[in-house]
Amino acid sequence: MKMSQLFVQTLREFPSDAEVMSHKLLVRAGFIRKLASGIYNYLPLMWRVLRKVETIVREEMDGAGAQELLMPFVQPEELWRESGRWDVYGKELMRLKDRHDRGMCLGPTHEEVITFIAREGIKSYKQLPVNLYQIQSKFRDEIRPRFGLLRGREFIMKDAYSFDSTQEGLEKVYKVMADAYTRVFDRCGLETKSVQSDSGAIGGAVSHEYMVLIDDTENNAGEDNVFFCKKCDYAANSNHATSILPEAVLDGGFSECKLTDTPNTFTVEEVAGFLNVPTTVICKSMIYIVDKKPVMALIRGDKQFEETKVMNALIANGFGSINEIRSAAPAELEEIFGAGKGFIGPKNLCHSEHSEESPAKPVKIEVIADLTTKEMKNFVIGGNENDKHYVGVNWGADVPEPKFADIRLAEAEKGELCPVCNEPLYLTKGIEVGNIFQLGTKYSEKMNAVFTDEEGKERPFIMGCYGIGISRTASAAVERHHDEWGIKWPIAIAPYHAIVVPVNVSDGKQSQIANEIYSKLLAKGVEVVIDDRDERAGVKFKDADLIGFPFRITAGKTVDEGLVEFKTRETGEVEKISPDEAVEKVFKALGK
RNA sequence: CGGGAUGUAGCGCAGCUUGGUAGCGCACCUCGCUUGGGACGAGGGGGUCGCACGUUCAAAUCGUGUCAUCCCGACCA
């Protein structure tokens, strides 16, 4: 490809609306252009990168025994009603009407459609297992698209779905897919960590996310918090991570349960200071409004809540499905408890009946307590009266024992330890480029997708689903591989392998040598660009660095001595070698 | 949806406070010159100042509304 004909416009400055480096560089280097918020054009260079990522994914998926297909991007409402997600999915699901006023949606994921396909096509256990995948644009009307391709509304995803007759079968595929995932990202030049995660709205029991770790506090492209252990392979998303806590004082030492004045103590630290006790004997209360109903969550004073865990604990305790969870506003606290932030507690909650005369008195409110509160004794809670706390509280005796669950946010900086091997736990940022779920029968049951087993009985498919963000993976690669001059594409996904630069196109010798090198590379299938533009050397070098060609061969003044310059983008290493040696070096790097 | 900010040429910005000919750098076109890290000179093209309404003799500038974009919190590949 001649640079003069390549459809690319590099910019001299970063776009003003970009925040993270991958977004800035992809726009500036002419890979993408925004069409609307979270919606991008993939220009020719980007498309080459995306196709390379896709090819790697295809090879690994096919190798893992999955078969490629393509499902519709527009899907009918009725299918989503079958799974129950039409009402649950929320505004991320882009809904529309066709000319006959029938409800449709743009596919944010394809569990419904694939389940439809499976129930039509798979009737017998003899046809199982089956693993199907597609690579396609998805649309999710994100609340807040940002960071360019990292969180777009339209994005390219590989989604695979497995069908098995047994849980063992599912676990087997899951393992095979996990291995394939590691290879995919490895081949893309990305180091990833497999972390345990919350299964979220898609449902299911076991799930792992593949994270590209971003160990750089300046860089906020890593939207997820990942806890990991350096000794064993424990790693978990913060919405799922747990930890072993250091020893702490759990007995408040109060001799009796008593309502005590604690004026102007709005925070746990202030209460602890006033009462002269450690924060670990204070039981912190938090009110969440869950689908308009207030719920009380309790945790040890020095710890924080993890909302996803709170939500899961509520669901596990029979709360049904939850659409919205948020912390209560101060005004709501006053209205419900007659007390403000800092003075709410679990005492006298379920005992009094609601009455019209005193609507401020709480009625039966769900209480969920973190495991850290279970062993606490003679502890402190809010008095449900401003400027008052109860001290010397014990479960059972003073407050009915609540339901206990792990709803705590792990905190590595507080000396917490790995739950597996007791070694220090670390926290880092990560970009989630893929995930794998053991779905079970969630969709097959709801959508009546069944097969006949060996005993002639109908049973729902046991499903798994496996996603890779193709466009996000490419973007994460830029996030990990760049410097102040531009992108440093890993060879496997670079849009082109090399660029040949005749410094001065009006110099016959330089042009001739450059063209010879170009032809030799092309002849062996190297993806190469020749910068035939009548530009000054600086312009060409800047563009080459910005776009991120892994190799640059420059034919300049040294051609008179029979030498060209060979530059490796990744290392910045520069060598003066003969044209043939330069060509050979590229062949070698590409295994040709 | 809540909080903050910004909309002026393809990109990056000034002008707005104090209303009166729409500007600068880069990019683009022509000519010259130059050719190893985003040269230089001369000439040129390109803008309903996001949109609407209002105030005014007169609005990029003041007011109201609206839309879009970005950032901080709840979604997820």
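Values below: all heavy atoms of this structure, side chains included; hydrogens, waters and symmetry mates excluded. Reminder, nothing fancy here: chain letters follow the sequence lines and each chain counts from 1.
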Listed nucleotide nearest any side-chain atom of [X], set [options]:
{"X": "A:R151", "options": "B:U35, B:C76, B:G12", "answer": "B:C76"}
{"X": "A:K34", "options": "B:U69, B:G36, B:G38", "answer": "B:U69"}
{"X": "A:I143", "options": "B:G38, B:A77, B:C1", "answer": "B:C1"}
{"X": "A:S37", "options": "B:C71, B:C70, B:A77", "answer": "B:C70"}
{"X": "A:E19", "options": "B:U35, B:C71, B:G38", "answer": "B:C71"}

field: Contact check, side chains of A:R140 and A:T109, non-hydrogen atoms, under 4.5 Å
entry: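 The answer is yes; the side chains approach within 4.5 Å.
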
message: Has A:K158 got a side-chain atom pairing as donor or acceptor with A:Y466's backbone, closer than 3.5 angstrom?
response: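 The answer is yes, because a donor-acceptor pair under 3.5 Å joins these two groups.
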
query: Are the side chain of A:K309 and the backbone of A:A241 linked by a donor-acceptor contact shorter than 3.5 Å?
result: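 Yes, the answer is positive, given that a donor and an acceptor are paired below the 3.5 Å cut-off.
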
What integer distance in Å separates [X]:[atom1] from [N]:[atom2]?
{"X": "A:L150", "N": "B:C70", "atom1": "CG", "atom2": "P", "result": "14 Å"}
{"X": "A:N239", "N": "B:C76", "atom1": "CG", "atom2": "P", "result": "9 Å"}
{"X": "A:D507", "N": "B:U34", "atom1": "CG", "atom2": "C1'", "result": "14 Å"}

- prompt: Quick one: the side chain of A:D543 and the base of B:G38, do they pair up donor-acceptor inside 3.5 Å?
  reply: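 A donor-acceptor contact between them is present.
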
message: Would the base of B:C1 count as contacting A:R144 through its side chain, where contact means a donor and an acceptor less than 3.5 Å apart?
response: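 Answer no: no donor N or O sits under 3.5 Å from an acceptor.
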
Distance check, [atom1] atoms only: [N] and [M], in whole angstrom units.
{"N": "B:A14", "M": "B:G23", "atom1": "C1'", "value": "8 Å"}
{"N": "B:G50", "M": "B:C33", "atom1": "P", "value": "43 Å"}
{"N": "B:U56", "M": "B:G19", "atom1": "P", "value": "16 Å"}
{"N": "B:C26", "M": "B:C40", "atom1": "C1'", "value": "15 Å"}

- prompt: In terms of heavy-atom contacts, does CD of A:E413 have more than 12 from other residues, nucleotides or ligands at under 6.0 Å?
  reply: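 Atom CD in A:E413 is crowded, with more than 12 foreign heavy atoms closer than 6.0 Å.
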
- request: Flag yes if more than 12 heavy atoms outside A:E575 fall under 6.0 Å of its CD atom; otherwise flag no.
  value: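 Above 12, so yes.
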
query: Do A:F155 and the base of B:A77 stack face to face, with centres under 5.5 Å apart and an angle between planes under 30°?
result: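 Stack criterion met.
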
Can you check nucleotides 26-28 of chain B for protein contacts, nitrogen or oxygen pairs under 3.5 Å, and list what you find?
unit_1, atom_1, unit_2, atom_2, d
B:C26, O3', A:R12, NH2, 3.4
B:C26, O2', A:R12, NE, 3.3
B:A27, OP1, A:R12, NH2, 3.3

- prompt: Charged N to carboxylate O under 4.0 angstrom, A:R183 versus A:D179?
  reply: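 So A:R183 does not pair with A:D179 through a salt bridge.
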
message: What I want to find out is whether A:R533 reaches A:D531 closely enough, with some N-O distance under 4.0 Å, to be called a salt bridge.
response: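 Yes.
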
query: Does A:F551 have A:K585 sitting over its ring (NZ/CZ under 6.0 Å from centre, angle to axis within 45°)?
result: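 Ring-cation test returns no.
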
query: Within 45° of the six-membered ring axis of A:Y496 and under 6.0 Å from that ring's centre, is NZ or CZ of A:R48 located there?
result: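 The answer is yes, since A:R48 meets both limits relative to A:Y496.
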
message: Please report whether the ring centroid of A:F31 lies less than 6.0 Å from that of A:W489.
response: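 Yes: the rings meet the under 6.0 Å criterion.
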
Could you write out each protein N or O paired with an N or O of nucleotides 42-44 of chain B at a distance under 3.5 Å?
none

Pairs under 3.5 Å (N/O, protein and nucleotides 4-10 of chain B):
none

- prompt: Closer than 4.0 Å, any side-chain N/O of A:K557 to the OP1 or OP2 of B:G36?
  reply: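 Result: yes.
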
